[in-house]
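None of the values given here were measured: they were computed from a predicted structure.
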Amino acid sequence: MSARANLASVAGILLMSAVLVAGTWQLTRERIAANDARGLVEELAAVLPAGLYNNAPRKDRVLLDTGSGGPLPVYRARQNGVPVAAALTVAVDGYAGPITLLVGIAANGKVLGVKIIAEAETAGIGTRVRNAGWLARFTGRSLLDPALDRWTPREDGGAFDAVAGATVSSRAVIGGVRKAVQYFESHRDEVFAPGTDDD
């Protein structure tokens, strides 16, 4: 077989490989996008109570620097076009790396729910801050409940119990929720700026 025939054969194999990769990507990208959208809807449902809004918050979003050093998504919940709540994404430094929170806040400034959407904490210890029962302690709290200087663990003189054995992670999450309510209070106009809802 000549060098030219070998080159043509290799080129043919490369072309077929490229077509297979492109075809696989095309077939899976829609499924991946649908799974991502479903995951986001579930995360938002954990911090924005059903029945509170009639828009699609996952589509009614803006990117804002909520104090984490870069733009993060803020999802707005509206009832007949009137702002009723928002879910702010906040990133804080945990014990082993960043912790990303989704914090639902009602228009009156009260926390509706908190969900940890990403973390790299120590398995079995720091990861316990994901416990829904512990996170529920933030529900109903606001910028002044407790006073701003008490948004810390009890052992630091604050109002919140830390997760046993995970004080650093607990401190980070408490600080992240505080950061979200502070940002919401001082940037309410930006959070609820008119936006588009594709639903």
Side-chain angles (χ1 to χ4, degrees), residues 40 42-49 52-53 57 61-77 83-193:
L40 178 57
E42 290 171 4
E43 290 171 348
L44 290 171
V47 301
L48 296 173
L52 183 65
Y53 53 92
R61 71 176 193 131
V62 289
L63 294 175
L64 298 172
D65 183 350
T66 54
S68 302
L72 293 171
V74 173
Y75 304 93
R76 290 91 62 88
V84 293
L88 282 69
T89 309
V90 178
V92 292
D93 292 328
Y95 178 77
I99 299 174
T100 306
L101 309 166
L102 196 59
V103 183
I105 304 174
N108 65 6
K110 290 192 175 186
V111 175
L112 296 169
V114 177
K115 181 162 181 68
I116 295 175
I117 55 177
E119 49 82 10
E121 300 303 274
T122 307
I125 302 171
T127 55
R128 290 185 298 190
V129 294
R130 282 185 173 266
N131 179 284
W134 184 73
L135 291 172
R137 295 169 192 233
F138 298 106
T139 302
R141 300 302 189 120
S142 66
L143 189 61
L144 300 176
D145 175 26
L148 197 55
D149 63 347
R150 300 209 58 234
W151 276 85
T152 58
R154 289 195 196 285
E155 61 196 46
D156 297 340
F160 296 95
D161 291 322
V163 173
T167 305
V168 174
S169 303
S170 300
R171 191 176 285 128
V173 172
I174 295 166
V177 178
R178 182 188 67 223
K179 183 190 293 188
V181 295
Q182 283 180 290
Y183 184 88
F184 181 84
E185 191 62 37
S186 59
H187 295 84
R188 190 181 300 258
D189 291 342
E190 290 172 67
V191 168
F192 288 130

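Within a 6.0 Å sphere centred on NZ of K179, other residues, nucleotides and ligands contribute more than 12 heavy atoms. Other residues, nucleotides and ligands place no more than 12 heavy atoms under 6.0 Å from the CG atom of D189. Annotation for Y53: atom OH counts as buried by contact number, over 12 foreign heavy atoms lying within 6.0 Å.
Ring orientation note: the planes of W134 and F138 are nearly perpendicular, at an angle over 60° on the 30°/60° scale.
Minimum interatomic distance between V90 and G176 (heavy atoms only, all atoms of both residues): CG1-O, 3.8 Å. Across all non-hydrogen atoms, the minimal contact from V173 to L135 is CG1-CD2, 4.0 Å. Nearest heavy atoms, L112 versus A85: CD1-CB, 3.7 Å. Of all heavy-atom pairs between Y75 and P57, the closest is CD2-O, 3.3 Å. Residues A162 and P153 come closest through the heavy atom pair CB-CB, 4.2 Å. Closest of all the heavy-atom pairs between R171 and E155 is NH2-OE2, 3.9 Å.
From L143, atom CG reaches atom CH2 of W151 across 8.0 Å, with rounding to the nearest 0.5 Å. Taken from CG in L72 to CG in L63, the straight-line distance is 8.0 Å, to the nearest 0.5 Å. Put simply, CD1 on I99 and CD1 on I117 are 12.0 Å apart, with the number rounded to the nearest 0.5 Å. How far CG of D161 is from CD1 of I174: 8.5 Å, rounded to the nearest 0.5 Å. The CZ atom of R141 sits 4.5 Å away from atom CZ of F160, with the distance rounded to the nearest 0.5 Å. Note that the CD1 atom of I116 and the OG1 atom of T100 stand 9.5 Å from one another [nearest 0.5 Å].
Using a distance-only test at 3.5 Å, with no hydrogens or angles considered, a donor-acceptor pair links the side chain of N108 to the main chain of K110. In terms of modelled atom types and a separation under 3.5 Å, the side chain of R178 and the main chain of R150 share no donor-acceptor contact. Panel note: side chain S169, backbone G94; no donor-acceptor pair is recorded below 3.5 Å.
Under the 4.5 Å side-chain criterion, counting only non-hydrogen atoms from C-beta, V62 is in contact with R76.
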Determine, stepwise, if the pair L148 / Q182 fulfils side-chain contact (heavy atoms from CB on, under 4.5 Å).
-> CA-CA 9 Å; L148 197 55; Q182 283 180 290; 3.5 Å; yes
Checking side-chain contact (heavy atoms from CB on, under 4.5 Å) for the pair H187/L64: CA distance, chi angles, key distance, verdict?
-> CA-CA 10 Å; H187 295 84; L64 298 172; 5.9 Å; no
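The salt bridge (Lys or Arg N to Asp or Glu O under 4.0 Å) check on R128 picks up nothing, with sequence neighbours excluded.
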